[in-house]
Amino acid sequence: MSYARVLCAGLLGVAGHLVEVEADLSNGLPTLLLTGLPDTALNEARDRVRAAIVNSGRDWPNRRITVNLLPAALPKHGSGFDLAIAVAVLAGAGELPATRLDGVALIGELGLDGTVRPVRGVLPMVAAAAQAGISRVIVPVANACEATVVPGVTVRAVDTLHRLVEFAQGSGTLLDPPAVPPAPPPAGPDLADLAGQEIGRYALEIAAAGGHHLALFGPPGAGKTMLAERLPSILPELDDEAALEVTALQSIAGVLPADGRLVRRPPFQAPHHSSSLAALVGGGSGLVRPGALSLAHRGVLFLDEVPEMSRATLQALRQPLESGRVVLSRARGTTEYPARAQLVVAANPCPCASPAGDHACHCPPTVRRRYLGRLSGPLLDRIDMRVNLLPVRAAQLMADSAPAEPSRAVAARVARARESAAARWATNGWRVNAEVPGPVLRRAPWRLPARDTAVLHGALDRGALSARGYDRCLRLAWTVADLDGRDRPSEGDVCEAYQLRMGEAAGRVPK
């Protein structure tokens with residue numbers, strides 16, 4: 001038999017797709033041709049596959065070999081097709097029967113010695129195979145735990161090409177996926193470590209309950225970074241759908257832990273202020289990779305020292321913050337990554353950043369305006385809350401009284417508020433108040449009485465509030481009401497939301 005076909009899977013952005021690998025052996029000058037829009041890494045598979053077959057004790061067919069990857073119009077990236085190409089070539093040469101591999105998707109990279117090495121993005125690849133009706137997959141041992149996350153798929157592992165050939169010939173067996181150890185208890189910083197800053201803690205609770213973006217301003221040592229790092233500790237665990245999305249993104253980026261279990265804790269990304277635009281929103285030549293914004297999907301993206309970041313890099317956040325996705329266009333196509341993350345930015349009030357606060361600042365007013373002006377108005381308008389933190393006093397830092405409220409207690413209130421919001425918007429599919437479109441909140445039955453929103457109407461007419469800011473104040477008011485256990489926001493909730501929006505909140509402590 002001079003023709004063989006096996007199944008594999010590839011990636012296009014965050015989505016996997018099933019690929020058919022065809023091999024045809026004919027008379028002619030011995031060579032191996034790859035068709036089907038392969039990239040550079042895939043073109044180099046010709047040499048990897050030949051060496052792996054020979055070093056596995058098999059004969060390389062000295063014939064003209066054409067390998068086609070279907071669908072041919074879809075770009076193919078990476079080295080995950082190596083294993084399927086090798087099996088297709090051997091089956092086409094009659095070295096092994098392909099019947100035992102019918103309906104099985106093969107994923108893996110080959111070393112020159114015939115070892116099967118792990119690849120990125122196995123989780124979305126296996127999920128795509130399952131959606132296409134494939135119920136059996138063979139993956140590298142190092143990717144086996146990750147592949148078992150996909151329900152309804154039988155996963156077998158392989159460490160060498162020789163083992164797979166023996167299995168196809170009926171004289172060997174494959175490996176079972178390693179046992180997944182129990183998940184360790186969540187660890188991380190706790191709000192109990194934070195001294196003072198009641199208004200900062202309360203704003204963080206509102207941000208967690210409603211999925212709102214947050215800007216923290218204050219002198220060095222006020223607790224801006226400590227607050228941001230503790231936001232994931234009060235967020236609920238990811239449900240199955242969100243966990244699959246986050247785990248798939250981490251698999252594509254190559255940062256998934258070796259145990260391969262679903263990521264349940266909301267991710268936290270804190271890129272350095274010198275990070276490039278591609279590092280923040282994604283990019284790269286050829287195969288684009290997800291950036292920090294997408295890796296923070298369903299979690300938190302923290303930008304510390306935000307005025308020190310490139311203005312062009314910050315401006316790139318504007319569209320993803322609205323749409324919840326990053327669209328990267330290249331000459332060979334367009335890639336889309338999810339990016340529904342909570343943005344937390346932190347900044348000192350001026351370049352000198354005196355620990356004593358504004359009264360000890362030596363910066364001229366023009367310097368202060370220019371420094372904070374790097375965070376542009378359109379971007380700042382997309383951030384729901386602005387909180388000005390005061391310096392921490394000695395009495396707060398050295399207090400011997402009971403420790404501050406821990407994250408566990410705050411997380412319980414956040415969970416109740418999110419349950420209320422999820423029940424209210426269940427028919428529309430929105431998870432948190434921050435996802436609700438503004439027109440919905442301005443129409444019946446969710447429209448608030450005019451007397452309750454009078455402060456917002458006045459600010460809008462004066463130009464102190466944009467239309468986008470008006471809608472974000474409404475979302476904040478609903479979150480405040482959810483935290484206090486009320487069905488609808490009151491006038492006080494709207495006023496509090498406006499103060500949080502304008503950076504005028506004065507330290508209200510939650511009930």
Side-chain angles (χ1 to χ4, degrees), residues 9-11 13-17 80 105 107-108 118-132 134-157 175-188 208 211 231-269 289-301 324-325 336-342 407-408 411 414-415 418-419 422 429 431-432 435:
L11 279 177
V14 74
H17 52 87
I107 302 171
V119 295
R120 295 179 177 183
V122 164
L123 175 58
M125 291 183 197
V126 174
Q131 292 175 358
I134 304 301
S135 60
R136 295 183 297 160
V137 297
I138 297 175
V139 299
V141 174
N143 294 127
C145 290
E146 176 185 347
T148 58
V149 168
V150 180
V153 177
T154 301
V155 178
R156 290 293 179 266
L175 303 174
D176 291 325
V180 179
L231 179 53
S233 70
I234 62 175
L235 292 173
E237 281 194 347
L238 301 176
D239 58 23
D240 290 344
E241 180 184 353
L244 278 170
E245 293 175 354
V246 172
T247 308
L249 282 166
Q250 293 195 7
S251 174
I252 293 169
V255 296
L256 189 67
D259 55 31
R261 64 167 59 92
L262 278 177
V263 178
R264 292 290 183 179
R265 187 178 178 87
F268 179 81
Q269 291 288 318
R289 298 290 185 188
L293 178 57
S294 292
L295 292 178
H297 178 61
R298 301 297 182 190
V300 179
L301 175 66
R325 58 195 180 97
E336 180 178 316
Y337 290 116
R340 194 164 293 282
Q342 284 186 252
S407 293
R408 182 178 62 256
V414 168
R418 286 208 171 198
E419 288 172 1
R431 300 167 182 251
V432 290
E435 297 179 1

TODO: Test D176 against R156 for side chain to side chain contact (heavy atoms under 4.5 Å, CB included), laying out the working first.
DONE: CA-CA 5 Å; D176 291 325; R156 290 293 179 266; 3.6 Å; yes
Task: Audit row: R418, E435, salt bridge (Lys or Arg N to Asp or Glu O under 4.0 Å) steps and yes/no - done: CA-CA 12 Å; R418 286 208 171 198; E435 297 179 1; over 6 Å; no
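No side-chain heavy atom of V153 sits less than 4.5 Å from a side-chain heavy atom of R136. You'll find the side chain of L295 stays beyond 4.5 Å of the side chain of P267, heavy atoms only. V263 has its side chain within reach of L256: a pair of non-hydrogen atoms, C-beta onward, lies under 4.5 Å apart. Residues R431 and R340 fail the side-chain proximity criterion, which asks for heavy atoms closer than 4.5 Å. Put simply, the side chain of V139 does not reach to within 4.5 Å of the side chain of E146, judged on heavy atoms. The closest side-chain heavy-atom distance from S135 to T154 is not below 4.5 Å. Taking the side chain as every heavy atom from C-beta outward, V137 and I107 never approach each other to under 4.5 Å. Annotation: side chain of P266 is not in contact with side chain of V300 (no heavy-atom distance under 4.5 Å).
Atom CG of residue N143 and atom CZ of residue R120 lie 11.5 Å apart, to the nearest 0.5 angstrom. R408 contributes atom CZ, which lies 14.0 Å from atom CD1 of I234 (distance to the nearest 0.5 angstrom). In this structure, the separation between CZ on R298 and CD on Q342 is 11.0 Å, given to the nearest 0.5 Å. Taking CD of E245 as the reference point, atom CG of L238 lies at 9.0 Å (rounded to 0.5 Å). Atom CG of residue L301 and atom CG of residue L293 lie 5.5 Å apart, to the nearest 0.5 angstrom.
For P140 against G108, the heavy-atom pair with the smallest separation is CG-CA, 3.7 Å. Minimum interatomic distance between A144 and A157 (heavy atoms only, all atoms of both residues): CB-CB, 4.0 Å. Shortest non-hydrogen contact noted between P338 and S294 is O-OG, 3.1 Å. Here the closest non-hydrogen pair linking L11 and G121 is CD1-CA, 3.7 Å.
Ion pairing of E336 with R325 is present here, as a side-chain N (NZ or NE/NH1/NH2) and a carboxylate O approach within less than 4.0 Å.
With respect to V149, the side chain to side chain contact (heavy atoms under 4.5 Å, CB included) criterion is satisfied by exactly one of D240, V126, L244: L244. Residue L123 forms a side chain to side chain contact (heavy atoms under 4.5 Å, CB included) with just one option from V150, L249, I252, T148, and that option is V150.
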